[in-house]
Amino acid sequence: MGLKGKLISQIEMKCSGHLLYEHFKSNPHKTSSMSPDKITNFTIHEGQLGKTNSVVSWNIILGGKERYAKQVLYIDDEEKTITFNFNEGFMNEIYKSMTLTLTADENLITWTLVYEKLNENTPEPLDFMEFLIGLIKDLETHHVGK
């Protein structure tokens with residue numbers, strides 16, 4: 001069993017995937033009002049919304065506990081992708097490295113999670129992927145018809 005892994009989840013949407021891409025790019029601070037049982041806070045530390053190399057953090061509820069994650073963003077408008085490079089927080093305590101990429105297509109959202117575990121006993125981040133799928137479903141419910 002290796003220490004490096006990759007999880008991919010593709011979710012078919014009832015709303016435009018591009019709408020959710022724009023949400024995460026320009027309005028992530030509104031996520032907590034659309035999914036309050038999963039997101040409790042969003043903060044931008046450096047840069048500005050919608051810009052590459054901005055540093056942001058999220059407080060999320062995972063496994064019944066509030067967790068903190070700080071990330072550096074890479075935004076590609078042409079490919080409709082946002083990459084979240086984890087650099088501080090709960091994931092960095094469990095994993096040597098973790099990168100999450102959101103890719104939007106017409107009616108699809110794809111989450112790609114690339115990680116390296118600290119050791120063989122570190123679990124696969126399946127609970128985090130389930131969290132991400134649930135988050136997209138919450139946002140979809142909010143955006144259906146828009």
Side-chain angles (χ1 to χ4, degrees), residues 1-15 17-77 79-105 108-144:
M1 186 184 259
L3 295 179
K4 292 183 179 184
K6 183 180 204 179
L7 296 174
I8 300 172
S9 179
Q10 194 168 60
I11 305 141
E12 190 170 357
M13 308 299 300
K14 294 176 185 159
C15 64
H18 295 158
L19 187 64
L20 292 182
Y21 166 80
E22 287 298 326
H23 169 84
F24 279 101
K25 176 183 169 189
S26 303
N27 296 302
H29 55 285
K30 295 181 179 180
T31 307
S32 61
S33 66
M34 296 175 200
S35 189
D37 63 323
K38 293 179 183 65
I39 305 290
T40 59
N41 189 45
F42 170 85
T43 303
I44 185 156
H45 299 274
E46 295 176 29
Q48 61 187 51
L49 291 177
K51 300 294 181 187
T52 289
N53 292 324
S54 293
V55 178
V56 303
S57 66
W58 302 82
N59 289 70
I60 70 170
I61 304 296
L62 183 66
K65 297 178 183 175
E66 186 166 26
R67 311 284 186 159
Y68 174 80
K70 194 171 188 181
Q71 305 155 332
V72 178
L73 305 182
Y74 176 79
I75 297 170
D76 185 336
D77 283 327
E79 297 294 324
K80 298 285 189 242
T81 64
I82 302 172
T83 300
F84 305 83
N85 293 304
F86 288 74
N87 66 359
E88 187 180 309
F90 76 101
M91 287 299 188
N92 299 87
E93 296 168 7
I94 302 170
Y95 300 93
K96 187 174 183 178
S97 66
M98 180 170 283
T99 300
L100 173 66
T101 302
L102 175 141
T103 305
D105 290 313
L108 291 173
I109 290 290
T110 303
W111 287 117
T112 304
L113 188 58
V114 178
Y115 57 93
E116 184 174 357
K117 299 190 282 184
L118 287 174
N119 58 56
E120 290 288 338
N121 297 322
T122 303
E124 306 299 324
L126 297 174
D127 58 343
F128 187 54
M129 185 58 86
E130 287 181 33
F131 165 86
L132 294 168
I133 294 167
L135 177 61
I136 287 296
K137 293 294 183 184
D138 288 351
L139 298 179
E140 174 189 42
T141 299
H142 180 82
H143 286 293
V144 166

Taking all non-hydrogen atoms of both residues, which atom of Pro28 and which atom of Ser26 are closest, and how far apart? CD-C, 3.3 Å
Please report the shortest heavy-atom distance between Cys15 and Met13, naming the atom on each side. O-CB, 3.0 Å
Can you measure from CD1 (Ile44) to CG (Leu49) and round to the nearest 0.5 angstrom? 4.5 Å
Run Thr101 and Val114 through side chain to side chain contact (heavy atoms under 4.5 Å, CB included) and show every step you take. CA-CA 8 Å; Thr101 302; Val114 178; over 6 Å; no
Stepwise side chain to side chain contact (heavy atoms under 4.5 Å, CB included) test for Asp138 and Met34: CA-CA 7 Å; Asp138 288 351; Met34 296 175 200; 5.8 Å; no
Rounded to the nearest 0.5 Å, what's the gap from CG on Leu100 to CG on Leu132? Could you check? 5.5 Å
Looking at every non-hydrogen atom in both residues, tell me the closest pair between Ala104 and Gly17 and how far apart they are. CB-O, 3.3 Å
Closest heavy-atom contact between Glu124 and Lys117? OE2-NZ, 2.8 Å
Distance from Phe84 atom CZ to Trp111 atom CH2, nearest 0.5 Å? 5.0 Å
Could you go step by step and tell me if Lys6 and Thr112 meet the side chain to side chain contact (heavy atoms under 4.5 Å, CB included) rule? CA-CA 7 Å; Lys6 183 180 204 179; Thr112 304; 3.6 Å; yes
Does the side chain of Asn85 pick up a donor-acceptor pair with the side chain of Thr83 at under 3.5 Å? no
Under 4.5 Å between any side-chain heavy atoms of Leu3 and Glu120, yes or no? yes
What pairs with Asp77 under salt bridge (Lys or Arg N to Asp or Glu O under 4.0 Å), at least two apart in sequence or on another chain? Lys25
Between Phe42 and Asn27, is any pair of side-chain heavy atoms under 4.5 Å apart? no
Any donor-acceptor N/O pair, Glu66 side chain to Asn59 backbone, under 3.5 Å: no
Interatomic distance, NZ@Lys38 vs OG1@Thr40, rounded to 0.5 Å, equals 13.0 Å
Where does the angle between the aromatic ring planes of Trp58 and Phe24 fall among parallel (under 30°), tilted (30 to 60°) and perpendicular (over 60°)? tilted
Looking at Asn119 and Thr122, would you say the former's side chain and the latter's main chain have a donor-acceptor pair under 3.5 Å? yes
Return the OG to CD1 distance between Ser32 and Ile61, rounded to the nearest 0.5 Å. 11.5 Å
Look up atom CG in Asp76 and atom OG1 in Thr52, then write down how far apart they are to the nearest 0.5 Å. 8.0 Å
Check: residues 88-98 side-chain donor-acceptor pairs under 3.5 Å, at least two apart:
from  : atom 1 : to     : atom 2 : distance (Å)
Asn92 : OD1    : Glu88  : N      : 3.0
Asn92 : ND2    : Phe86  : O      : 3.3
Tyr95 : OH     : Pro123 : O      : 2.7

List the residues meeting side-chain contact (heavy atoms from CB on, under 4.5 Å) with Leu7, not counting sequence neighbours, and say none if there are none. Leu113, Tyr115, Pro125, Leu126, Met129
May I ask you to check whether Thr103 and Thr81 show a side-chain donor-acceptor distance below 3.5 Å? no
Residue pair Gln71 / Asn87: nearest heavy atoms and the distance that separates them: N-OD1, 3.8 Å
